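Some notes on the structure that comes next.
Every value quoted in this text rests on a predicted model; they were computed, and no experiment measured them.
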Amino acid sequence: MPRFTFPQALLAFALGLFLAAFLAVPVGTVAYVAFSDGAGGFTLGHFSSFFEISLMRESFVNSLYVAGMSVLLASLLAVPLAYLTARLRFRGAVLIQTLGVLPLVMPSFVGAVAMQLVFGRSGSINLLLGDWLGITLPLMDGLNGVIFVETIHYFPFILLNLTTSLSGIDGSLEEAAQNLGANGLRLFRRIVFPLAMPGYIAGASLVFIKVFDDLGTPLVLNVTNMLAPQAYLRITSVGLDDPFGYVISVIMVSFSLLSLWIAERFMKKKEYATISRGSVSPAKRRLSPLGAAAAYVFVVFVLLLVLAPHAGILLLSLGKVWSFTMIPEGYTLEHYATIFQDSPRMIVNTLLYCTIAAGLDVLIGGAIAYLILRTRVPGRRLLDFAATAALAIPGVVLAIGLLRTFRHVELPFMDGPVTATWAILVLAYTVRRLPYALRSAISALRQLHVSLEEAAENLGAPKTRAVRRIVVPLVAGGLLAGFVTSFITASVELSATIVLTASSTDAPISYGIYWYLQSITGRGPGAALGVVAVAIVAVGTYLSHRFVKNRREPKESEAI
Amino acid sequence: MTRYSGLSERKTRFLAVLAAVAALWLAGPASADQVVVVTSFPKELTSAYKKAFEAKYPNVKLEILNKGTTAGIVYVREAPAASKPDVFWASAPDAFEVLAREKLLRKFEGGSPEIPARIGNYPMNDPEGFYRGQAISGYGIMWNTRYLKAHKLPEPREWADLAKPVYHGHVAISSPSKSGTTHLTVETILQGEGWDKGWRQMLEIAGNCAAVTERSFGVPDGVSSGQFGIGLVIDFLGLAAKNSGFPVDFVYPSVTALVPANIALIAGARNAEAAKTFIGFTLSPEGQQILLDPKISRLPVLPSVYAKAPAGYPNPFTGTIKASVSFDANLSESRYYVVTSMFDHAITFRLKELNKAKKAIDDAAARLAGKRNAEAEKLLAQARDLAFTPPVSAAKVKDKAFIAVFQGGKKDPEAARKIAAVEEQWDRHAKENYSKAAELAEKAAAMAR
Amino acid sequence: MQRAAVSIENLSLSFGGTEVLRDVDLAVEPGEFFALLGPSGSGKSTLLRAIAGFSRPQGGRIVIGATDVTRVPPWKRNVGLMFQNYALWPHMTVRENVAFGLEERRLSRRTIREKVEGALNLVGLADLSERRPNQLSGGQQQRVALARTIVIEPQVLLLDEPLSNLDAKLRLHMRQELRALQRNLGITTLFVTHDQEEALAIANRVALLDQGVLQQVGTPVDLYDSPANRFVAGFVGSVNILEGEVVSGPSGEPIFLPAGARDVSIRLPGGEAVRGSATLAFRPNAVKISPALDHPPPGGTAFHAVVTAREFQGETIRYTLRAGEVEILADLPHLVGAPALEENKSVTVSVIPDQIRLLGA
């Protein structure tokens, strides 16, 4: 048998072309502009003038500070919760599982609006505190607000990864330490935490990247002295030729890559956690009544925090006027009427774009997975790497790169450059969400031992039929889970959306929410649209959990 | 053995999807009767116009591109010649000046003869004919009535009121570098009070600010929801919020200017005729009346329309607004970068330090009141000078060479470096002066004992 | 090194509703090398973990030395447990693994260094002290685990299936090493194994457990030669067990007639055996085979059988013989050149009388 066949090579080439055109070239262009002196020469001048401007220095420091603080605070919430689930016999475990999903269902920029109303200067909580104690907490002022919102939104990443990691630790490793005299906090610090480190780092680095790259939350909270908003503002209000937008992009990509690299280094030691023969799964300790009470208080506290944005956005979408009161004054369905009258188009757009993008992701991801696992086509590793690398590219950066690369490219039958059409949004979504679909496809196909296909062939089924009757049905669940994940994450993608949306007719929901929230007559319709988005994501999340449950292998960690 | 046949099936499906996508693209809206409008106006206004216009002209479709004023300019500038948008519609006259200077606008005739030639001293339409006034904007103070009641604050009337110690931490303003309307507000104060006095007042007000929001919308939104007590806003944002039921109020201070918000035809517009129809519609009695919608609450340029306005609706043609400032758009445009950048470096980026200095000065003044302590008064005056003197003097801002530094743009690395150097100096000036002012004021306060 | 006695008194333990240990009584002498033997699920590991403090008994006491440790948490017991999978911490080097327990005891750095050196030398791993566990072979890992356990100088050493993760050859070698080390240190040692051969080979005494109940405690020879019951006889070594009746022979001597085989009779030693139904046990090597005779010898000393299967085992050949319904295993020594019996061949079988044991219920 030859190493590969011609059609395989052709497919690999086509996939490579797609990734090159819509990922490598745009990102390469961004880097090129950042280091180019305009005459084809190399310069670090843009970087040095970038750091000469105090606003840029401040933005840089702020972005690092916000991302770092978010990781820290998210850890403070997630580590005890993960320990509770994995190590203690605790009836509230269901609550904690809920905690792991609830925040992710709501896009952070939607949550930001709601949290301003609940925790802001004159939000419900501060009005209460003002009445009772005469104090107000600056929870949502400036950077605090961004940190707070991001913490609530992203702590589940640490919670989920750390719980998996903790439950995977061989229980005898802890017993051995107890046998040798260690206990309590020392046991946790010296044995348990170091062993759970890979999971923690995976979660923490993911939080860091997501927060560092997030554009929507700071924009909605009126904070622009951070890197992502600066890149956005530079490109939109100074112009596509302003080098600083590109400098910021390069910095953002570098930090994403750096944190992924650190996570990767830790993941390599992951063999730590695997349970070996003759080992015991970790024993769950019973809590003392006092401990259980404390645990409940903590879990309920976090649950309230996590529910606050959901409650806030729902109240806002149903409220008439909400100003300087604990909750809105009157209730109405008018805002929902408004959005279904004014902008059903946006909902349709989102469904259309995300279906196409997720569909392409499944096809491309499935094809790449097949090439990696079942063929020996040269360059298949490169395809895998390129498709996965999209994870490290912030939405703003990809959007800027696409704009710059395709601003003069026109499509047949289309009016104007491709950047003025919604095709660019679909392309951005496809590239951004490809890693999710690819991971799902790889894990689905990996579970399927090649002998199953061979058995079918051995019994007389030609290759095509073997694939259709054996492979497709068996990986369908996995591919579907990948589709849904890509779909729901794309449907609330804002970073690339607000850079790339060219007209309100073509705008998807996420843009609509952002736009509606800037309404003088109140944010009700924006909130209503937000509720619609949350509903889409919630249904999608539920479906993808169903699909994943039907598969045997546990879902791969999101960081890989 | 063939190992690829399964893929070809997959590929077929891939092609099918591509075909479907292409079909959808083909089915997309045809452009023949589409007018693309770039605007900074909120969706209440644009969707009302879209609905009314499309009802009247069913053959023309209005496509709204909502952009901030500056982002809108960039969009028009960078759109390829073949697909320029048709209409630019925004508040800030300087934006239109910029577009006209870059030859991005196209002259056109038309408009109602009923529209007065001037509002105050300000020409309603561009004398050169590139753009024309579509509504009138004034700038003023908006506040949340519940907030003021809860904090027991008096209602402000004038800009100067906002500098009073009682409002410390209750005011909000946007950054003029991000918001065209805020820039107009700041420019109005500077032109109305003079450069030095105007900046002094601006810095004192800023010393009371809880926040300098990054988008102009942040201010009315924050006041509406009660995050801030008082905000400096363009009139219709305040009035629309009030008319939509929020517990807010709005006032025009005497130092305000009435300036037209404009509409213009973009050079190279693909549907120039339809675009003109739309512009004509916005200026017609029908189009002007839309402005009176409570959710829009703008001032029409057509005086006859005010007859249909609800009672108490401000009318710039009958003197219900005392606009004492004649706005000079050329002056405003010439020093645009100096004003916005100076504002950011002296106020936006150093707000905390400025707050601290203002608070220290106010506290010291309160302690010294009634006590004749010449030395302390002198220290306090020094502190005020340090804190509230702008880094660029009135004389310097008239210096052509100085202004020229900022007009080169930043593309040229050399110019960028020069600008960066000046900005760095402003930053240092602000930081040092504010901390010193706070120190002096504390010293003065200590002497009151 | 201390030599502590371990005494288990009336120990009962259940998980959920499942009873895992029932009224276990056991006394381990100071310095003894003691094996807990049993099939999987017999409760032997649970008993070991109870001694270490990881399973809490519902009833009974555990006394180590003079102290009742039943309610003492694991980290205060000072017993060294070596886990079946070694439980080496992958994020620590060999040295750090071994030093851990000493650090927990807040010893001085110097003492820790000296003791760690000593322990590593003892197990012959001084050269590999900076390696991580996943860079070591299975045998090396086991030595690290051992060093880590003995370095704290525990009162009792507990070994959970210490040899099960090694390949067959290494297992033989390591068990001798373990035995030698234990003898040198003189430390009271309990080790769990499911391998009866291993237990008999190295333990001073063996306790055999089944379904949470102690079946017999004794020296290896006691267990092998005088199994207390059917389970013990069956578990320790191969055995033929026959149900049947004891009757008196022509001259009053006791003769066993197994159920289901009319023509088979086995002569029992001595005259004191009780008449009536009984269970008979004898090892395969107690069976003698001679060429088939036309008539079975009188007095129940021999009977006819047919060879139904044959397994070559090296030093011996194991034959399965059938007489009526009764199946009997017989081991015959194998010497080079000696021909084996063919299947289906008829033979005459006798059992050496003094190798036969009558079992209790």
- request: List the steps, then state whether salt bridge (charged side-chain N to carboxylate O under 4.0 Å, His left out) holds for R57(A) with E423(B).
  value: CA-CA 13 Å; R57(A) 283 201 304 268; E423(B) 288 175 337; over 6 Å; no
- prompt: Does the side chain of F324(A) come within less than 4.5 Å of V223(B)'s, by heavy atoms?
  reply: no
task: Could you look at L233(A) and say if it's the side chain, the backbone, both or neither that has a heavy atom under 4.5 Å from chain B?
output: side chain
statement: Here the gap from T505(A) atom OG1 to L62(B) atom CG, rounded to the nearest 0.5 Å, amounts to 9.0 Å
- prompt: Side-chain contact, heavy-atom cut-off 4.5 Å: W322(A) with S225(B)?
  reply: no
message: Would you say that more than 12 heavy atoms from the other residues, nucleotides or ligands in this model lie under 6.0 Å from the NZ of K84(B), or not?
response: yes
- prompt: Does P247(B) reach the side chain of S323(A), with side-chain heavy atoms less than 4.5 Å apart?
  reply: yes
- request: Output the distance between atom CZ (F349(B)) and atom CG (N225(A)), rounded to the nearest 0.5 Å.
  value: 7.5 Å
message: Under 4.5 Å from any heavy atom of chain A, what part of T46(B) do you find: side chain, backbone, both or neither?
response: side chain
task: Could you tell me which portion of Y353(A) (side chain, backbone, both or neither) has an atom closer than 4.5 angstrom to a non-hydrogen atom of chain B?
output: neither
- prompt: Which atoms of V223(A) come close to chain B, meaning under 4.5 Å heavy atom to heavy atom: side chain ones, backbone ones, both, or neither?
  reply: backbone
- prompt: About how many Å separate NZ of K43(B) and CG of L517(A), when rounded to the nearest 0.5 Å?
  reply: 10.0 Å
message: Among T70(B), N66(B), N243(B), L237(B), which residue has the highest count of heavy-atom pairs closer than 4.5 Å to chain A?
response: N66(B)
task: Inspect the contact between E78(B) and R404(A) and indicate whether a charged nitrogen and a carboxylate oxygen are less than 4.0 angstrom apart.
output: no
Region of F217(B) in contact with chain A, defined by heavy-atom distances below 4.5 Å: side chain
- request: Identify which of R523(A), E58(A), K320(A) forms the greatest number of heavy-atom pairs closer than 4.5 Å to chain B.
  value: R523(A)
Side-chain touch R407(A)/P80(B), heavy atoms, less than 4.5 angstrom: no
query: What is the minimum heavy-atom distance between T501(A) and K67(B), and which atoms define it?
result: O-NZ, 4.2 Å
query: Where is the tightest heavy-atom contact between Q116(A) and Q227(B), given as atom of each residue plus distance?
result: O-NE2, 3.5 Å
- prompt: Among T213(B), D427(B), T348(B), D221(B), which residue forms the greatest number of heavy-atom pairs with chain A at distances under 4.5 Å?
  reply: D221(B)
Per-residue contact mode, V220(A) against chain B (heavy atom under 4.5 angstrom): backbone
- request: Can you see which heavy atom on V74(B) is nearest to which on I235(A), and at what distance?
  value: CG1-O, 4.2 Å
